[in-house]
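Comments concern the structure below.
What you are looking at is a predicted structure, and each value in this text was computed from that prediction instead of being measured.
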Amino acid sequence: RYDEAEDKALEALAIDEAIYPEVHARIASTLHDLYSITSMQDRVPESEKYAVRVLRIERALPEAKDRAQLVRDVLRALGTPKAAEAAIAQ
């Protein structure tokens, strides 16, 4: 079922990227879904790729402080709790 979920999320990402600007919360949300799907399968290189994109978008958004929990969750899931706390403090 992970394959099906990933396929749907990749389709959603393609649509999001065609509709929204590069820095948009909707794209970050879909990327976070992909991060979750790949990290649950221990596909670390792929999940890190998605996590980095999420973090870049989140930092560029004007309301990034309001979405700090997402950033913290991604960093913690990557096994970097100190980086998570540092990111929130910024």
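Interatomic distance, CG of L34 versus NZ of K49, reported as 8.5 Å (0.5 Å rounding). Note that OG of S47 and CD1 of I37 are 11.5 Å apart. Values are rounded to the nearest 0.5 Å.
Remark: E46 pairs with R43 by the side chain to side chain donor-acceptor pair (under 3.5 Å) rule, at least two apart or across chains.
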Side-chain polar contacts of residues 7-16 - donor-acceptor pairs under 3.5 angstrom, sequence neighbours left out - could you list them?
unit_1 : atom_1 : unit_2 : atom_2 : d
D16    : OD2    : T30    : OG1    : 2.5

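Note: Y35 and H32 have tilted aromatic rings, judged against thresholds of 30 and 60 degrees for the angle between ring planes.
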I27 vs E17, test: side-chain contact (heavy atoms from CB on, under 4.5 Å). Steps then yes/no. CA-CA 7 Å; I27 293 174; E17 290 177 330; 4.2 Å; yes
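Listed for the S29 side chain is no donor-acceptor partner under 3.5 Å among the backbone atoms of A25.
Closest of all the heavy-atom pairs between A28 and V54 is O-CG2, 3.6 Å.
Cluster membership for Y50 and V23, using ILVMFWY side-chain heavy atoms within less than 4.5 angstrom, is shared.
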